Visitor: 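The structure's right below; bear with me while I get my questions together.
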2 protein chains.
Amino acid sequence: MTSDSGSVEPGADRLGALADDAVLGSTGYLLLKAGVHVGHAIEQAMRDLGLSMRDLLVLSFAAVLEGMSQQELSERLGLDPTLVVGLVDGLEERDLVRREKDPDDRRRNMVVLTEEGARLRSQAIEAATAVQDDYLAPLSDQQRTVLRSMLFDVMSPRLPWLRSS
Amino acid sequence: MTSDSGSVEPGADRLGALADDAVLGSTGYLLLKAGVHVGHAIEQAMRDLGLSMRDLLVLSFAAVLEGMSQQELSERLGLDPTLVVGLVDGLEERDLVRREKDPDDRRRNMVVLTEEGARLRSQAIEAATAVQDDYLAPLSDQQRTVLRSMLFDVMSPRLPWLRSS
DNA sequence: TATTGTTATACTCTATAACTATA
DNA sequence: TATAGTTATAGAGTATAACAATA
């Protein structure tokens, strides 16, 4: 972050358009960077609420999927089941979520949102939405709709639950 | 990956549209997931060439930025300078890149692409492009252009070098 | 016998602190 | 005195293996 001579900020000379590089200017790389940046931004916003982004995702899945097991949660999150244990532990300690034995299969823990959890989730959604709006500020409402639709089309084959349930 | 009854694949009942959730269906989350998925896909494609995605990025920056120092590389990659050491080490051992003392400031190591590095970079670009094409298959050429342009607009404020140099 | 959830352990990745050399 | 690069070390995050309860 110094202002010395040979740093990143400077000349804009040296070579034309890094953005023209087949990798650095590619849609894929931009997508990757965008994803990482949005992730960090949301993560930071969640910190103010004492949550991680993963916590928010757990609250979200729990809110939408009735009787969701930890197993299923692990699949949805794309996370090892052993990590889900700790995740749910943390949320349960704070009464945002509780484990309920599935009566039909008592091996399963259903992860269900508490009232407190629902309340905090509302706040978290608000914060996350604000971050997103700020992030997408350069785009018009119409453009955002187009962007979401395209991302949807691209991701649907990879996230089957986007279409089905 | 079992085919039991209560798993992810099944009913498509239980609740309408996970995609309507304010978080799980948001542009930001789709962006995040898309970025991660593309990243994994490229990472895997690079493995066949004995490279990591980071390796490819180093080769790319080295190809485009003349006299790039490790410091600058670390800023561009958004990576700690201590990590860059190992990265460059690995590439230098395989003669894909070499360190040259900057004559104007002999503290600086300029990371410069070798012929071998340029060759492998070409192959890597080919592979990465193929992955990307496959990834964006659901979109028309025109849509891809629009997508790239929108990502560009969104990322420009955060990656200053996208516009300048 | 197979599966869910759990714990304990090992491994990988990343960041921190301290050092050398240049400026 | 400050900066580029390096090394060694500690920490965080993740995966692996083994176990208990249930099916």
Side-chain angles (χ1 to χ4, degrees), chain A residues 1-10 36 39-40 43-44 46-47 51-55 57-58 61-62 65 67-93 97-112, chain B residues 1-10 36 39-40 43-44 46-47 51-55 57-58 61-62 65 67-93 97-112:
Chain A
M1 296 309 151
T2 61
S3 59
D4 58 312
S5 62
S7 184
V8 168
E9 323 291 339
V36 170
H40 283 165
E43 196 79 56
Q44 187 173 355
M46 288 305 102
R47 246 194 297 277
L51 295 174
S52 67
M53 185 170 48
R54 282 182 182 171
D55 288 332
L57 292 174
V58 173
F61 280 118
L65 299 175
M68 173 191 63
S69 71
Q70 293 185 202
Q71 183 78 16
E72 180 175 359
L73 184 54
S74 118
E75 294 171 22
R76 302 268 183 173
L77 291 172
L79 237 50
D80 195 284
T82 59
L83 294 177
V84 172
V85 176
L87 254 180
V88 175
D89 278 351
L91 293 171
E92 195 171 34
E93 280 168 18
V97 124
R98 67 171 179 277
R99 284 182 240 238
E100 280 184 19
K101 284 284 176 208
D102 182 342
D104 294 346
D105 182 346
R106 299 225 314 286
R107 292 173 302 181
R108 298 195 165 197
N109 283 342
M110 302 187 301
V111 180
V112 33
Chain B
M1 299 311 143
T2 61
S3 58
D4 58 311
S5 62
S7 183
V8 169
E9 323 290 339
V36 170
H40 283 165
E43 196 80 55
Q44 187 173 353
M46 289 304 102
R47 246 194 297 276
L51 294 174
S52 68
M53 186 170 48
R54 281 181 181 172
D55 289 331
L57 292 175
V58 174
F61 280 119
L65 298 174
M68 173 190 64
S69 70
Q70 293 185 201
Q71 184 79 14
E72 180 175 359
L73 184 54
S74 117
E75 294 171 21
R76 302 269 182 172
L77 292 172
L79 236 51
D80 194 284
T82 60
L83 294 178
V84 173
V85 176
L87 253 180
V88 176
D89 279 351
L91 293 172
E92 195 171 36
E93 280 167 19
V97 122
R98 68 171 180 278
R99 284 183 240 237
E100 281 183 19
K101 283 284 176 209
D102 182 342
D104 294 346
D105 182 345
R106 298 225 314 287
R107 292 173 303 181
R108 297 195 167 197
N109 284 341
M110 301 188 302
V111 180
V112 32

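Remember, predicted model here, so these are calculated numbers, not experimental data. What you see below is based on every heavy atom in this structure, not just the backbone, and it leaves out hydrogens, waters and symmetry mates. Residue numbering restarts at 1 for every chain, and letters A, B, ... go by the order of the sequence lines.
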Visitor: In terms of the nearest nucleotide of DNA chain C, which residue is placed more toward the 5' end: B:Asp102 or A:Arg107?
Guide: A:Arg107
Visitor: What integer distance in Å separates A:Arg108:CZ from D:dA23:C1'?
Guide: 11 Å
Visitor: Out of C:dT7, C:dG5, C:dA17, which nucleotide sits closest to the side chain of A:Asp89?
Guide: C:dT7
Visitor: To the nearest Å, give me how far apart CE (B:Met68) and P (D:dG5) are.
Guide: 10 Å
Visitor: From NZ of A:Lys101 over to P of D:dA21, roughly how many Å is that when rounded to an integer?
Guide: 11 Å
Visitor: Rounded to whole Å, please give me the gap between CE in B:Met53 and P in C:dC13.
Guide: 13 Å
Visitor: Could you state the CD-P distance from B:Gln71 to D:dA2, rounded to the nearest angstrom?
Guide: 16 Å
Visitor: Mark yes or no for whether B:Gln71, through its side chain, and B:Arg108, through its backbone, hold a donor-acceptor pair below 3.5 Å.
Guide: no
Visitor: By nearest nucleotide on DNA chain D, pick out whichever of A:Leu83 and B:Val85 is the more 5' one.
Guide: B:Val85
Visitor: Would you mind reading off the distance between A:Leu77 atom CG and D:dT14 atom P, rounded to a whole angstrom?
Guide: 12 Å
Visitor: Quick one: closest heavy-atom pair of B:Arg107 and B:Lys101, and the distance?
Guide: O-NZ, 4.1 Å
Visitor: In whole angstroms, how far is the P atom of D:dT7 from the CD atom of B:Gln70?
Guide: 10 Å
Visitor: Does the side chain of A:Arg54 get closer than 4.0 angstrom to OP1 or OP2 of D:dG13 through an N or O atom?
Guide: no
Visitor: Using a heavy-atom cut-off of 4.0 Å across all strands, would you classify B:Asp80 as base, sugar-phosphate, or nothing?
Guide: base
Visitor: How close do B:Met110 and B:Pro103 get, heavy atom to heavy atom, and via which atoms?
Guide: CE-CD, 4.3 Å
Visitor: Rounded off to whole Å, could you give me the CZ-to-C1' distance for the B:Arg106 and D:dG5 pair?
Guide: 14 Å
Visitor: Might you point out which heavy atoms bring B:Gln70 and B:Arg99 nearest each other, and give the distance in Å?
Guide: OE1-NH1, 2.7 Å
